[in-house]
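The structure appears right after this line, and notes come after that.
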Amino acid sequence: MNPLKRIKTLAISNCKSLLCSSSSSSQHFQNPISPSKSHLYSSFFCTLIQTFLSCYRFTQARNSFLFMRSLGLNPTVHQWNHLLFRFNASGLVSEVPNVYSELIKCHQSSNLFARNVLIHAFCKMRMLEMALEVVRDGEADVVSYNTLIWGFCDNGMVTSAVGFLSEMFKRGVGMNTISCNTLLKGLCDEGMLDESESLMNMFVCWGIGRDIVGFNTLLSGHCKLGAMDEAMGLVESMKGEGISPDVVSYNTLFHGFCRVGEFDKAKGLMDVEKDGFEPNAITYTTFIGGYCNRKQLDKAYLLYEEMVTSGILPDVVTYSALINGLCKSGKLLKGYSLFRQMEKMDITANHVSYSTIIDTLFKSGKPRELSIIQGEMVVRGIILDLVSHTIFLDGLFKAGMVDEAEKVFKHISSLQFKPNHFTYTALIDGRCKAEDLKGAELALSEMQNRSIGRTVVTYSSIISGYVRNGMLDKAVDIMKKMKDEHVFPNIVTYCTLMDGFFKMGKLEEALDLYEEMLKEGIAANKFIVDVLYNGLRKNGSMKKAETILRYMEEKGLLLDCVNYTSLMDGLFKEGKIEDAFKLESLMENLAPDVIFYNVFINCYCLLGKSDKAKLIFYAMKNMGLSPDNATYNILISVHCKEKKLDEALELFHEMSSTGLMPNAINYNTLVGGLSQHGNLLKAVDLLNEMAVAGFCPSPSTHRKVLLACSNLKRADSILQLHEQMVQMGLRPDRAVYNALIHVLCTLGMTQKATVVFKEMLGKGIAGDTMTFNALILGHCRSGHLDKAFDTYSQMLLVGVTPNIATYNSLLGGLSAAGRMEEVDRLLHEMQNKGLAPDGITYNILVSGHGKISDKKKSVRFYHEMVRNGFVPTIGTYNVLISDFANVGMMTQAKELLNELQKRGLSPNSSTYDILISGWSRLSNGIEVQRLLKEMDEKGFVPAVSTCRSITRSFARPGKKKQAQKLLSKMYNVKDG
DNA sequence: TTAGGGTTAG
């Protein structure tokens, strides 16, 4: 179908649908306006529509137009043309084809003016095919072709645009300076400066001279490439040709100097040219923007005041620059308030003002405000450009809304935008942060294929992605690739890669990179200082770390909140607690953030001062800082450690009630804490909640939950909970299997443990020392010494090295069975393997020999044990004491009692029972009485057997039973 | 009715 017919059909169907939907007002449409007043009404409607358009009330403008047409009103050709022009110029470009088709309906034809506006509208909507068809379909003049050339240039298709020159020639449409200048801009925008100069010369040959606009276009081209020397040279040749630079030329130069950071040169130029140069709004805005970009807001505001007092009115661009300055300096509220103030001054916000605010809202994580502003933008019909789309793409990625961000990228292409290096860099960065490295690599190669230049930011983004995923080699490859392409690493690139090396423990490589950076003439900043300080101290070079920090401070480098946070953590972990805490007062002027407080709170928690930690927590909230998941986690964790489970749970609920969703770490900490300290039921409840929320338990949580089952003898739950946690996404690796086997074994469920062990082997996971130790201990505890030794043999067979725990289990098993000869043999075997006995081994040896009354050996091992610095347990002492007491050697028994007390141990109930029985047998009533009193004072109750010993020795003949009853009653002992 | 300068994105 012919494009004009297509437009017509489209417009008619649009009108029909709109009219049918507004049934309530349809009655009015039935009254036609009398022909005599038709002209008046048309004029009225045209004025109304234009008024709506001029204040961006697009819906009303569109509805008024439809209403006018439904009344059958037909404006004059002049009015039609003006309407078309206004629709096109106001930004409601999408309506132009509809208006045009209505024009055709009324007048059956159109003039060149209307066609040219239509061409312009199609070009703006990037519907280049349609624009081309209109140009080729009928009458066209130089304006039609210039507009088409502009449209193609604006969409980066400058080669096709140049091609239209021959078509113009063939159709006899003469080209003019505007054709030349439009093409010049197209070429400059693509960085084709040489080609643009040749084109200018070509036009001169065709008799079309160059003018100030053309020169300014070239000037802008040079400035955008940062070629300021060439730009200044061009000004000289302009003057040579008798063309004086105008305010546009100067503004272009000012902007160029500001862009390359030569702010003083820009200002100097302004001072030199002060005679005969009148700054305008754009001049002021250029400098205001320059100051804002340098975060010199005070200077920007001074200039703004000067501008206003000079009678030059700031416009939307001036305000957008100031809003941007405020937002970028972290003054979002002030920026937003200026945004609203601007509107009160009847300056309508444009897509740039909106994009600036939206970018800031994304970056400061304010989703609610963001959706309000976004809605406002839609209602006002603000058309998004490529920059605005890139802001959304980047913002959505940063907010973790990966799917939505990817949709924006697809949308950008569907709108016929040509993504540029900003767009691709945001995409690469976003994909890297979403751990989609393949996607990032794909985007990078797409950039290459589409000849979109990669910048240092593009490469730094992907380097950062590789570093975060521990792929240092790939990161280094990219660094090499970028250098090969003459894209030189900047401070961010160096910082990222240095951090990566430090985190992988590659100290030397990190420091080499630091050297390289300095050699390249890049001075360290606070980010580099942070990476160096943390990298060095975490790799054991605390001294070096402190030297660097002090050196930087001496050099006058301003450190920030992050640097001080690292410093606090460092000092604290070095044990310089006082110095660390002093930092809080130093920090006041630096506006400490949540992370600083988290570190501060954590320091108190590590000192076991949860009360102090909580005070800081409240102070932080009072300062208006919102605690984050980490803050709550630090506090939940310390409360769990201090067994304050109710408070831990309360914190967890407080977090949810303030709208902070618990994360996987919060769940793991609390489930682990509840399990460890006896509230398994609540832990399991929370584990279920965690499953619903889609979080995966950590291996540590798994271990703690299973241990809790084991402690509560809830054998039935062990396998079930294990299965549940695997279902939740826990990867059953060796550590997880070891925890399960260990727990089953401690409960004596060695058969089940063996089944699990086989399952583990079946999955290709070999057992290690921990696995075998658990199984051996299990067999020993359940008295299956043969199986324990079978497992031990298997362990040696598969080449897993036994450790002291292996031998302690086996020795303990043998000792419990009284097989002391085998104990001695195994002890030799163990010592031959180079393993020395530890405290546990000695306890086994001393008490084992003690139990079979081998005093010689038990005392020998006892002395060896003490000599080697091990303190026997009270159980071991009891065995020794009992061995002496049983044969009436109470002096030795008493001596042992003194020794154990000297070593900081206290006698327990059994110690007293043993001693009392011993003295009873010797009929020493004084000692028995004394010990009974001491025992009573400590809250211990004598055992039944002890009472029997007492009555056996002290009751009168024939009164033993009564004495026994009396004693039992006295000590509330059950009469056995 | 078409062409040049200032504000936004990585």
Side-chain angles (χ1 to χ4, degrees), chain A residues 81-82 84-85 88-89 111-121 123 141-151 153 176-186 188 211-221 223 245-256 258 280-290 292-293 314-325 327-328 350-360 362-363 384-395 397-398 420-430 454-458 460-461 492:
Chain A
N81 282 353
H82 204 66
L84 272 173
F85 175 70
N88 183 44
N111 59 17
L112 251 174
F113 181 93
R115 291 170 68 85
N116 286 345
V117 174
L118 182 67
I119 294 164
H120 197 193
C123 286
D141 66 356
V142 62
V143 176
S144 326
Y145 270 100
N146 284 350
T147 311
L148 195 65
I149 287 173
W150 171 82
C153 283
N176 60 15
T177 329
I178 296 178
S179 328
C180 169
N181 293 343
T182 311
L183 280 170
L184 280 181
K185 167 118 168 61
C188 284
D211 66 355
I212 181 76
V213 176
F215 270 114
N216 285 344
T217 307
L218 269 183
L219 200 58
S220 168
C223 287
D246 64 359
V247 64
V248 175
S249 328
Y250 284 114
N251 287 344
T252 309
L253 288 170
F254 295 149
H255 188 228
C258 287
N280 62 10
I282 292 178
T283 321
Y284 275 104
T285 305
T286 306
F287 281 100
I288 289 173
C292 284
N293 283 331
D315 63 4
V316 62
V317 182
T318 321
Y319 283 110
S320 298
L322 281 170
I323 291 167
N324 181 46
C327 288
K328 290 286 174 329
N350 65 8
H351 63 291
V352 177
S353 338
Y354 271 104
S355 299
T356 306
I357 294 283
I358 284 178
D359 187 45
T360 313
F362 262 125
K363 283 177 181 147
L384 299 186
D385 64 357
L386 181 60
V387 177
S388 325
H389 276 98
T390 306
I391 287 171
F392 272 101
L393 174 75
D394 181 55
F397 266 126
K398 290 209 163 84
N420 60 16
H421 69 88
F422 279 108
T423 322
Y424 267 106
T425 303
L427 181 69
I428 287 174
D429 188 56
R454 279 77 58 202
T455 68
V456 60
V457 185
T458 321
S460 299
S461 292
V492 178

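A quick note: this is a predicted structure, and the numbers were derived from the prediction, not measured. Chain identifiers are assigned alphabetically (A, B, ...) following the order of the sequence lines, protein sequences preceding nucleic acid strands; residue numbering begins at 1 within each chain.
- Heavy atoms of A:Ser388 sit nowhere under 4.0 angstrom from any nucleic acid atom.
- Listed nucleotides B:dT8, B:dG5, B:dA9 differ in distance to A:Asn293; the shortest reach to its side chain belongs to B:dT8.
- A:Asn88 comes within contact range of no nucleotide atom at all, as no heavy-atom separation falls under 4.0 Å.
- Contacts of A:Asp246 with the nucleic acid, taken as non-hydrogen atoms under 4.0 Å apart, include base atoms.
- As judged by a 4.0 angstrom heavy-atom cut-off over every strand, A:Thr318 is placed among the base-contacting residues.
- A:Thr356 contributes no side-chain N or O that forms a donor-acceptor pair with the base of B:dT8 under 3.5 Å.
- For the pair A:Leu253 CG and B:dG6 P, the computed distance is 12 Å after rounding to whole Å.
- A:Asn420 contributes a side-chain N or O that forms a donor-acceptor pair with the base of B:dA9 under 3.5 Å.
- Using modelled atom types, one side-chain atom of A:Asn111 and one backbone atom of A:Ala114 make a donor-acceptor pair closer than 3.5 Å.
- A donor-acceptor distance shorter than 3.5 angstrom exists from the side chain of A:Asp315 to the backbone of A:Thr318, with no hydrogens or angles considered.
- At a cut-off of 3.5 angstrom, the base of B:dG6 holds at least one donor-acceptor pair with the side chain of A:Asp315.
- Across all strands, A:Ser461 comes closer than 4.0 Å to no nucleic acid atom at all (heavy-atom distances).
- Listed nucleotides: B:dT8, B:dG5, B:dA9. Nearest to the side chain of A:Lys363: B:dA9.
- At the heavy-atom level, A:Ile212 lies under 4.0 Å from base atoms of the strands shown.
- Note that NE2 of A:His120 is 11.0 Å distant from CG of A:Asn146, once rounded to the nearest 0.5 Å.
- Contact annotation: side chain of A:Asn280 to base of B:dG6, donor-acceptor pair absent below 3.5 Å.
- Note: A:Phe113 and A:Phe85 have tilted aromatic rings, judged against thresholds of 30 and 60 degrees for the angle between ring planes.
- Side-chain atoms of A:Thr286 stay outside donor-acceptor range of the base of B:dG6, with no qualifying N/O pair under 3.5 Å.
- Using a 4.0 Å heavy-atom cutoff across all strands shown, A:Asn111 reaches no nucleic acid atom at all.
- Contact annotation for A:Thr252: backbone-only contact, meaning every heavy-atom pair under 4.0 Å involves sugar-phosphate atoms and none involves a base.
- Distance from the side chain of A:His255 is smallest for B:dG5 among the nucleotides B:dT2, B:dT1, B:dG5.
- Checking B:dT7, B:dT8, B:dT1 against every side-chain atom of A:Phe85, the shortest atom distance belongs to B:dT1.
- Using modelled atom types, one finds no donor on one side chain facing an acceptor on the other under 3.5 Å when comparing A:Ser220 with A:Thr252.
- In this structure, A:Val117 reaches neither bases nor backbone, as no heavy-atom distance under 4.0 Å exists between it and the strands shown.
- Heavy atoms of A:Ala114 sit nowhere under 4.0 angstrom from any nucleic acid atom.
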